[in-house]
Amino acid sequence: MGRLTEAAAAGGGASAARSAGSPPAPLPLSSTSPGCAAAMASSEEDGTNGGASEASEEREAVGKRRRLGLLATVWLIFYNIAMTAGWLVLAIAMVRFYMEKGTHKGLYKSIQKTLKFFQTFALLEIVHCLIGIVPTSVLVAGVQVSSRIFMVWLVTHSIKPIQNEESVVLFLVAWTVTEITRYSFYTFSLLDHLPYFIKWARYNFFIILYPVGVAGELLTIYAALPYVKKTGMFSIRLPNKYNVSFDYYYFLLITMASYIPLFPQLYFHMLRQRRKVLHGEVIVEKDD
Ligand SMILES: CCCCCCCCCCCCC/C=C/C(=O)SCCNC(=O)CCNC(=O)[C@H](O)C(C)(C)COP(=O)(O)OP(=O)(O)OC[C@H]1O[C@@H](n2cnc3c(N)ncnc32)[C@H](O)[C@@H]1OP(=O)(O)O
């Protein structure tokens, strides 16, 4: 999935096209949606964007609402508020647990229902992309959400002996901070009242939280390997009437290996988004 990325000086043409109502199209791995970028002049990193930029942002927001339609906007506001609230509840529960017990042991068990509910609910993000109410790439959202669902249901929920690993806390904290920031970013954006610090947090926290989260996930899968090998869980052995075999142990190894090509793509995608949104660069991406 090779691609050429060119960062150019900010320009408003594409943005104007979107504001005029051009439909959102499914995008390649990196979203090329110029929404924020075109609206923001490059002086924005320090939060001192001038009146012209604010007017431009306002026009952008009006265009975005028109493009989305009322029903989709209302739904997304509801969805993002619900998700922000859900992850906030999770954050509070984790802090309270640690303050009361002074250990991370038992933390996963105490928050697992809320985690499973809200992370599974996030499958709707793929639906949002598929039906075109958000311009995120289906592939980006798909990799992001499916790897989380996999971690929640097929690793941490299914393999009880690893639930007290420190690495579980690592990815839980990274996910929670990320999602509170991300969903509140979307909510305030849709309401046209985006505080600069939320925008800043959305496009800076990931620099640390993404590697921390991925490290937590990989270490957790690694910790699960001996148990999976010993029990043969989720594995199908030959001979059987379908003549099919599947080894969950090797599946986990392959999944771990797949982080090597996939994670850098997501990380560099976010770095490009950061340049676009915070520095006003327009990123033009072409398939090779
Ligand atoms: C079966 C097993 C499979 C296993 C596979 C294994 C391989 C996995 C390898 C990789 C693993 C990653 C694991 C992840 C770990 C973590 O999460 S660790 C914690 C740190 N994480 C992060 O920081 C996550 C960062 N990721 C994101 O922010 C996003 O999820 C994204 C999917 C990468 C997309 O970001 P981006 O391209 O910036 O797009 P969006 O933010 O989605 O925005 C594009 C436009 O769409 C609008 N929009 C999107 N969603 C909404 C919404 N819900 N409501 C309203 N609007 C939305 C958004 O505003 C943008 O609009 P414009 O401004 O108009 O462009």
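Values below: all heavy atoms of this structure, side chains included; hydrogens, waters and symmetry mates excluded. Note that ligands are numbered from 1 as they come in the structure, with each ligand's atoms numbered from 1 the same way.
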Self-check item: Per atom 26 (N) of ligand 1, closest listed option by heavy atom (Tyr210, Phe150, Phe206, Phe205)
Solution: Tyr210
Quiz item: Can Glu165 and Lys105 be counted as an ion pair, charged N to O under 4.0 angstrom?
Solution: no
Practice problem: May I ask you to check whether His269 has an N/O atom sitting below 3.5 Å from an N/O atom of ligand 1? | Solution: yes
Quiz item: Does atom CD1 of Ile131 have more than 12 heavy-atom neighbours, drawn from other residues, nucleotides or ligands, at distances under 6.0 Å?
Solution: yes
Self-check item: Proximity to ligand 1 by part of His128, non-hydrogen separation under 4.0 Å
Solution: neither
Quiz item: ring-ring contact (aromatic ring centres under 6.0 Å, His included): which pairs involve residues 208-236, sequence neighbours left out?
Solution: Tyr210-Phe263, Phe234-Tyr248
Exercise. Go through ligand 1 atom by atom and flag the ones less than 4.0 Å from a non-hydrogen atom of Gly213.
Key: 18 (S)
Quiz item: If you measure from each non-hydrogen atom of Glu217 to ligand 1, which part falls under 4.0 Å: side chain, backbone, both or neither?
Solution: side chain
Practice problem: Could you tell me whether Arg202 and ligand 1 have an N or O pair separated by under 3.5 Å? | Solution: yes
Practice problem: Within a distance under 4.0 Å of any heavy atom of Leu209, pick out the atoms of ligand 1 and give their elements. | Solution: 18 (S), 19 (C), 20 (C)
Exercise. State whether Glu281 and Arg274 are salt-bridged, where the test is any N-O pair (Lys NZ or Arg NE/NH1/NH2 against Asp/Glu carboxylate O) under 4.0 Å.
Key: no
Exercise. Check the angle between the aromatic planes of Tyr79 and Tyr183 and answer parallel, tilted or perpendicular using the 30° and 60° thresholds.
Key: perpendicular
Quiz item: For Arg148, is the nearest heavy atom under 4.0 Å from an atom of ligand 1?
Solution: yes
Self-check item: Closest to atom 56 (N) of ligand 1 (judged by heavy-atom distance), picking from Phe185, Tyr186, Trp175, Tyr267
Solution: Tyr186
Quiz item: So how far is it from Ser146 OG to Glu125 CD, rounded to the nearest 0.5 Å?
Solution: 12.0 Å
Quiz item: Judging by distance only, is a nitrogen or oxygen of Thr136 under 3.5 angstrom from one on ligand 1?
Solution: yes
Quiz item: Is a side-chain donor-acceptor pair under 3.5 Å present for Trp87 with Gln119?
Solution: no
Exercise. State whether the side chain of Ser158 and the backbone N or O of Trp153 hold a donor-acceptor pair below 3.5 Å, judged by distance alone.
Key: yes
Quiz item: Hey, what do you get for CG (Leu88) to OG1 (Thr176), rounding to the nearest 0.5 Å?
Solution: 9.5 Å
Quiz item: Within the structure, does Tyr79 bring an N/O atom to less than 3.5 angstrom of an N/O atom in ligand 1?
Solution: no
Quiz item: What atoms in ligand 1 come closer than 4.0 Å to a heavy atom of Leu266?
Solution: 10 (C), 12 (C)
Quiz item: How does Leu190 reach ligand 1, if at all, at less than 4.0 Å between non-hydrogen atoms: by side chain, backbone, both, or neither?
Solution: side chain
Quiz item: Should the proximity of Val212 to ligand 1, defined as any heavy atom under 4.0 Å, be assigned to the side chain, the backbone, both, or neither?
Solution: neither
Exercise. Under 4.0 Å from a heavy atom of Leu262: give me the atoms of ligand 1 that qualify, with their elements.
Key: 7 (C), 9 (C)
Quiz item: If you link I, L, V, M, F, W and Y whenever their side-chain heavy atoms are under 4.5 Å apart, who else ends up in the same group as Val95?
Solution: Met99
Quiz item: Of the backbone atoms (N, CA, C, O) and the side-chain heavy atoms from C-beta on, which set of Trp75 has a member under 4.0 Å from an atom of ligand 1: side chain, backbone, both, or neither?
Solution: neither
Exercise. Can you sort out which atoms of ligand 1 are near Tyr203, meaning under 4.0 Å from one of its heavy atoms?
Key: 38 (O)
Practice problem: Locate the shortest heavy-atom distance separating Ile149 from Thr120; write the atom from each residue and the value. | Solution: CD1-CA, 3.7 Å
Exercise. Would you check whether Ser258 has a nitrogen or oxygen atom less than 3.5 angstrom from a nitrogen or oxygen atom of ligand 1?
Key: no
Quiz item: Does Leu124 belong to the same Ile/Leu/Val/Met/Phe/Trp/Tyr cluster as Ile126, with side-chain heavy atoms less than 4.5 Å apart forming each link?
Solution: yes
Quiz prompt | Per-atom contacts of ligand 1 with Gln273, taking only distances under 4.0 Å to non-hydrogen atoms | solution = 36 (P), 37 (O), 38 (O)
